[in-house]
Amino acid sequence: MPSGKVLQPVLKMKVDELFLCWLSQPETQLMLKDCLRRLKNEEKTEIGNGDSGNGKNERFTNTNSNSKQCILGDTRLPLSFSPPQLSTTLPLATPGSARNISNVRATRRSSGTRIVQTKKEETLPPSLSQNIPTFYFPRGCPKEKVNIDAVIAKIERTFSEFPNERATLEDMGKVAKACECPLYWKGPLFYCAGGERTGYVSVHKFVAMWRKILQTCYDDAAKFVHLLMNPGCNYLVQEDFIPFLQDVVNSHPGLSFLKEASEFHSRYITTVIQRIFYTVNRSWSGKITCNELRKSNFLQNVALLEEEADINQLTEYFSYEHFYVIYCKFWELDTDHDLYIDRKDLARHNDHAISNRMIERIFSGAVTRGRKAQKDGKISYADFVWFLISEEDKKTPTSIEYWFRCMDLDGDGALSMYELEYFYEEQCQKLDNMAIEPLPFEDCLCQMLDLVKPQYEGKITLHDLKRCKLTNVFFDTFFNIEKYLDHEQKDQFSMLRDSEGESQEISDWERYAAEEYDILVAEEAASDQWNDGYEAELNPIDHQKANVLKYQMEKRPFFEMPSHLADVDLDEYDYEEDFE
């Protein structure tokens, strides 16, 4: 058998054994500690030549020589000595051990170190990070061919049509088109250029503002956020949308009937703002970022405002009919008309369909924010918007998160069997009061687990519910007795088939709002006919939208500060001044 294949690994093992033996000696430990201490204190380290006895010392200092070094902790000891020198420098275990073993060990370690150091000194290729193109664009990806000067020239020609080259808010529609923006960006453009202070915008001030935006914002989301945000911010809060939406109310043809009922502008604006944050602010932070706006369809709906004369066709954010339904439902519960409702008021919703335990969770702050409202045990109209949309459509991501937060009693991010039983107990009590035998919890639990198919045994996570196509059945089982009984009358497979067949053409919320609006309009028409002696002609305002509200309540302040449904600093808002 060739000697090289056998002796080499055996020799290495023996050398390593001898080195460890030397390293474990007390004298070696003391010497190394002393060297490290001296090097740490930036002193010259001298190691006596104990074997030779000639008193010669090796000085370990930092030099500019090209000698190779080994690293001990944070210090470097030169290894440029030849094997004989190294054997006299490092003390051995005993005086009698000064044999060829020391030379062999020094030679072996010096050779091994030399090989390692050679690899470290190899020239590395240039850093590849220099060649990686930029891939993160928080303000949008820059476009290669954007002629800013041409856009500015077009804007200047548009301003030349106005007296003194000054544009009022009514003129900003043409300016928005010159900027290649949707029509209803005219309000944000006007206010961002300082038009609110003077009543007009000069060409020089507007050009300076728009040039800066073109140079720093590269897509519509970044531009829109820059136009609406407060100085120093890179996000939008609820109050930032007020001027924009007020301009929509004042100028959109589908809302022209509201000009006669200005006291309801704030209610409509509050509703739209809550719907924007409900859909767009997926982080529940109360701050809409460029990325969130970019991922949503809000800007597409803003562009549709110009094309669609019927505001009710824009059902996701701007529909007046949806506002009408939400506000009328709130008005029925708000008996003292202070724009706040308490637990008893909310419990009356839909004929006490929501369980009391869930009502308590809603008022606990799990999904609402507002120091004043929580202190008084009430929720505002803004909070009710979130509640009603979540209650009537439990399939959207926000509604699933809404009810999951309410059911997650301990806030551990999962629904335990205890939490499910806690809410189901009240459902059983209600069924007993209705002379209906409830399903035992164990059987109900098996059904729900088969429905949701959780990833982990013993708990249901938010991810599990978002994968489930019948989350409305799951939630209604635990806190909505009326809808639970409706689901019990239907076949689960047929409900799943119906859900898949709808293909999201119309959501549960849109279906509910359309049905309730027809009912409310019919009731108001019948009531007015009775009160007016069956007048042949009804109020010419479309379905009496404005007058129904106008004569039902007294005037309120322009805008009620909506409470952020998010984890934000609650001291930021002063609720005490809302109704002074």
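Heads up: numbering here begins at 1 and tracks the sequence.
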If the condition is side-chain contact (heavy atoms from CB on, under 4.5 Å), which residues does [X] pass it with, not counting sequence neighbours?
X    : value
N164 : R166
E316 : N297, N301
V151 : I155, W210, L214
K205 : R197, S202

Is it true that the NZ or CZ of R357 lies under 6.0 Å from the centre of Y422's six-membered ring and within 45 degrees of the ring axis? yes
Listing request: all side chain to side chain donor-acceptor pair (under 3.5 Å) pairs with a residue in residues 177-189, at least two apart in sequence or in separate chains. K177-E306, K186-D247, K186-S251
Would you say Q246 and N250 are linked by a side-chain donor-acceptor pair, where the criterion is simply a distance under 3.5 Å? yes
Kindly write out the residues that satisfy side chain to side chain donor-acceptor pair (under 3.5 Å) with [X], not counting sequence neighbours, or none if the list is empty.
X    : answer
D518 : none
T289 : none
T168 : E170, D171
T471 : none

Mind checking ring pair (Phe, Tyr, Trp, His ring centres under 6.0 Å) for Y512 and listing every partner two or more places apart, or none if nothing turns up? W509
Could you list the residues that satisfy ring pair (Phe, Tyr, Trp, His ring centres under 6.0 Å) with Y191, not counting sequence neighbours? none
With the threshold set at 4.0 Å, does a side-chain nitrogen-carboxylate oxygen contact exist between K466 and E401? yes
Electrostatic pair E332:R348 at N-O distance under 4.0 angstrom: no
Anything under 3.5 Å between a donor and an acceptor, one on a side chain of residues 477-484, the other on a protein residue two or more places apart or in another chain? List them.
from : atom 1 : to   : atom 2 : distance (Å)
T477 : OG1    : V473 : O      : 2.6
N480 : OD1    : E482 : N      : 3.3
N480 : OD1    : K483 : N      : 3.1
N480 : ND2    : E391 : OE2    : 2.5
K483 : NZ     : E391 : O      : 3.0
K483 : NZ     : E391 : OE2    : 3.3
K483 : NZ     : E392 : OE1    : 3.2

